[in-house]
Structure formats: C-alpha cells, structure tokens
Peer 1: 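Dropping the structure in here first, questions after.
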2 protein chains.
Amino acid sequence: MTVCDNLLAETNACPPGSVLIVPEGDDARSAALLKVVADTTRLKILRIIAANGSVCACDLEAPLGLSQPTISHHLRQLFDAGAVTKEKRGTWAYYGINADGLQEINAPLVKLLSHS
Amino acid sequence: MTVCDNLLAETNACPPGSVLIVPEGDDARSAALLKVVADTTRLKILRIIAANGSVCACDLEAPLGLSQPTISHHLRQLFDAGAVTKEKRGTWAYYGINADGLQEINAPLVKLLSHS
DNA sequence: TGTCAATATTGATATCTGTCTATTCTCGAA
DNA sequence: TTCGAGAATAGACAGATATCAATATTGACA
C-alpha cells in the first residue's frame, strides 16, 4: 500500500504524478481584461460612474486627485476593455457603465464558481 | 440656454462642474484581491484545479511549463487571497478551489453590475 | 478665422511584479 | 539519526505600468 493509494482511498485528490485535465480557454485575454478592472483608481472610477449615471471626465479630477492625462489614460483602458461607454458632447466626454462588457470581463470568475 | 442646460434637459447626464457622488468602499483591497486573479498563469492554475478537484502542486509543473518556485509563488498568492484551499499531506501540498473566497474577490464586480 | 477649454497623446521615470537560480525548510523512510 | 524529495523562501533581474509634464488635437464660440 503506497502513500498514493492511501490518498486515493481517503480523499478525492489526484495522486502525485497524475496527468491533469487542462481546460481550454484564453487565459491571456481573460487576464488582460481582468487586469483593467483590478486597479484601485479604475475601480473607483467605475463605482463613481455607477453611482452617478453618465459622468463627465472633467468632474473626475477632483474626487480622484489625479492629473487630467492620468484620468484620460485610465478611461481609455476601461473603454478599450469594454467596461464603459463613451459619448462626446461638444468638448466634453461622458462615460457610462457598459454592463455587457463588465459581464464579459467577469465571466471567467463566474465560470470558476459554477464548476466548483 | 447654456450647453449644460441642454445636457440636463436632453440626457440624464451630470453636467460639467457637478460634485459627484463618491461611494464608500475599500478599492485598494478590492483591487489587490482582483489583481491576484487577473494573471494568465494564476487563471490557468485556478481552472486546472477546478477541473481536477484537489490537485498536488507537484503536478502543476508539467502543464504550466514553469519552475517549481514560480508555481509555489503563484499558489501562495492565490492562497493568501483566499482563492484556494491548501492541505499538506506528507511532503505533498494539495490545493483546492475556495468558492467563498472567490466569491468575495468577485463581489466588487457583481456589485457594479447590480447598481447599473 | 482665431482663441479658449476639454480631451487625448507622447515621452520620461519610478515602482511593481513575474520569473529564474540558489538556498532553506519540512517531512517520510531507511 | 541521516538521507532524499517536495515545497517554500530569498535575492536578482527584466518587462510591464501608473504617474506626471509637455504637447497635440478637437470642438465651441466670438
């Protein structure tokens, strides 16, 4: 009776030396999308937008305490990832939550939870 | 009739100059937890664990193609963030999905979606 | 057309992080 | 108790990124 056999008998664990199932999936893409949301500043931006509806970029400078180029940089990342919508009104840029995009970003985590 | 007035009349957007609602929330902590999951290698680890149940760390080296210390480093991050469980059996270390922990990591995104 | 304001882009820099090699730690077994 | 194997830690280094200052772009309006 080897240690591995004991493991198999006593638990539902794969014994050492197992060839594991490796699910298909674009982890690089999923990670890249999650990275956009996994940032203090961008999370704050998203929550401000969610709480206020459509928000002018110009009004984010005060609550965030960051420079205009930095905020523009974050908003671009959020937009490129599909987390927010963007609408230009004259010289102003309005951003809103993109629920569909956020759901896609969130999908890998939801899938992990549904398979466990 | 200013441009701002037009905005208010035609849309539900905050006019430029608005003092925005800034929701409370520990964005730094949320971001730190999400960062752990927002990584190609760690996502792959999580999906392998989810597909195989309890997995020995020693069996991850082959499918990941990374060194043992690197994998140990990633597993520690996942464990510290509460994404996985850890059980030592002799010299082997077994890791499993921690559904509660993953749900907590996921919570900020779920909240964003529920408020929009 | 010319000017001003809001936004976007560029370039530079400091910090963070994923990876490796080398080493140490922790068990089980002889 | 000693040896060997798996896991964890430490230290180093390359690549990524958040930030800012400076500049360019775009659109409204006189």
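Predicted model only: the values in this text are computed from it and were never measured. Quick note on labels: first sequence line is chain A, next is B, and so on, each numbered from 1.
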Peer 1: Run the side-chain donor-acceptor check on residues 43-50 of chain B: report pairs under 3.5 Å with partners two or more places apart or on a different chain.
Peer 2:
unit_1: B:Lys44; atom_1: NZ; unit_2: B:Pro63; atom_2: O; d: 3.4
unit_1: B:Arg47; atom_1: NE; unit_2: A:Asp27; atom_2: OD1; d: 2.8
unit_1: B:Arg47; atom_1: NH1; unit_2: A:Pro23; atom_2: O; d: 3.4
unit_1: B:Arg47; atom_1: NH1; unit_2: A:Glu24; atom_2: O; d: 2.9
unit_1: B:Arg47; atom_1: NH2; unit_2: A:Pro23; atom_2: O; d: 3.2
unit_1: B:Arg47; atom_1: NH2; unit_2: A:Asp27; atom_2: OD1; d: 3.2
unit_1: B:Arg47; atom_1: NH2; unit_2: A:Asp27; atom_2: OD2; d: 2.8

Peer 1: Scan B:Tyr95 against the nucleic acid and name what it touches under 4.0 Å (heavy atoms): base, sugar-phosphate only, or nothing.
Peer 2: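 Since only primed, P, OP1 and OP2 atoms lie under 4.0 Å of B:Tyr95, the category is sugar-phosphate.
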Peer 1: When we call it a touch if two heavy atoms are under 4.0 Å apart, what does A:Glu61 touch: a base, just sugar-phosphate, or nothing?
Peer 2: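 Nothing: the residue A:Glu61, judged by heavy atoms under 4.0 Å, touches no strand.
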Peer 1: Can you find a heavy atom in the side chain of A:Tyr95 that is under 4.5 Å from one in the side chain of A:Val55?
Peer 2: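 SC-SC contact between A:Tyr95 and A:Val55 ruled out.
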Peer 1: Report yes if the side chains of A:Asp39 and A:Gln77 come closer than 4.5 Å at any heavy-atom pair, otherwise no.
Peer 2: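 No; the side chains remain at least 4.5 Å from each other.
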Peer 1: Paired stems touching DNA chain C, three or more consecutive Watson-Crick or G-U pairs with both distances under 3.5 Å?
Peer 2: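 If one scans DNA chain C for consecutive Watson-Crick or G-U pairs, the stems found are C:1-30 with D:1-30.
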Peer 1: Is there a residue in residues 68-76 of chain A whose heavy atoms reach under 4.0 Å of DNA chain D, and which residues are they?
Peer 2: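 Within this stretch, A:Pro69, A:Thr70, A:His73, A:His74 sit under 4.0 Å of the strand.
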Peer 1: Let me know, please, whether A:Gly90 or A:Gly65 comes out on the 5' side of the other along DNA chain D by nearest nucleotide.
Peer 2: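 First, find each residue's nearest nucleotide; the 5'-ward one identifies A:Gly65.
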Peer 1: Identify each atom pair where a protein N or O and an N or O of nucleotides 12-14 of chain D are less than 3.5 Å apart, giving names and distance.
Peer 2:
none

Peer 1: Please set out all donor-acceptor pairs under 3.5 angstrom arising from side-chain atoms of residues 98-109 of chain B, sequence neighbours excluded.
Peer 2:
unit_1: B:Asn98; atom_1: OD1; unit_2: B:Asp100; atom_2: N; d: 3.4
unit_1: B:Asn98; atom_1: OD1; unit_2: B:Gly101; atom_2: N; d: 3.2
unit_1: B:Asn98; atom_1: ND2; unit_2: B:Gly82; atom_2: O; d: 3.1
unit_1: B:Glu104; atom_1: OE2; unit_2: B:Arg29; atom_2: NH2; d: 2.5

Peer 1: Compare side-chain N and O positions of A:Thr91 against OP1 and OP2 of D:dG27 and report whether any pair is under 4.0 Å apart.
Peer 2: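 So the side chain of A:Thr91 is outside the cut-off, no N or O lying under 4.0 Å from OP1 or OP2 of D:dG27.
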Peer 1: Is there a side-chain polar atom (N or O) of B:Lys86 under 4.0 Å from OP1 or OP2 of D:dA8?
Peer 2: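 Yes.
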Peer 1: Indicate if B:Leu113 and A:Ile97 have the same hydrophobic cluster label, given that clusters are the connected sets of ILVMFWY residues with side-chain heavy-atom separations under 4.5 angstrom.
Peer 2: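 Yes, one cluster joins them.
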Peer 1: Measuring to OP1 and OP2 of C:dG18, would you say a side-chain N or O of B:Arg42 lies under 4.0 angstrom away?
Peer 2: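 B:Arg42 to C:dG18 OP1/OP2: side-chain N or O found under 4.0 Å.
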Peer 1: Compare all side-chain heavy atoms of A:Leu60 with those of A:Leu75 and state whether any distance is below 4.5 angstrom.
Peer 2: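 Yes, side chains in contact.
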Peer 1: Once side chain to side chain donor-acceptor pair (under 3.5 Å) is applied, do any residues pair with B:Thr70, and if so which ones, sequence neighbours excluded?
Peer 2: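 Result, side chain to side chain donor-acceptor pair (under 3.5 Å) vs B:Thr70: B:Ser67.
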Peer 1: Could you pick out which residue, A:Ala93 or A:Lys35, lies toward the 5' side of DNA chain C when each is mapped onto its nearest nucleotide?
Peer 2: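 So the residue in question is A:Ala93.
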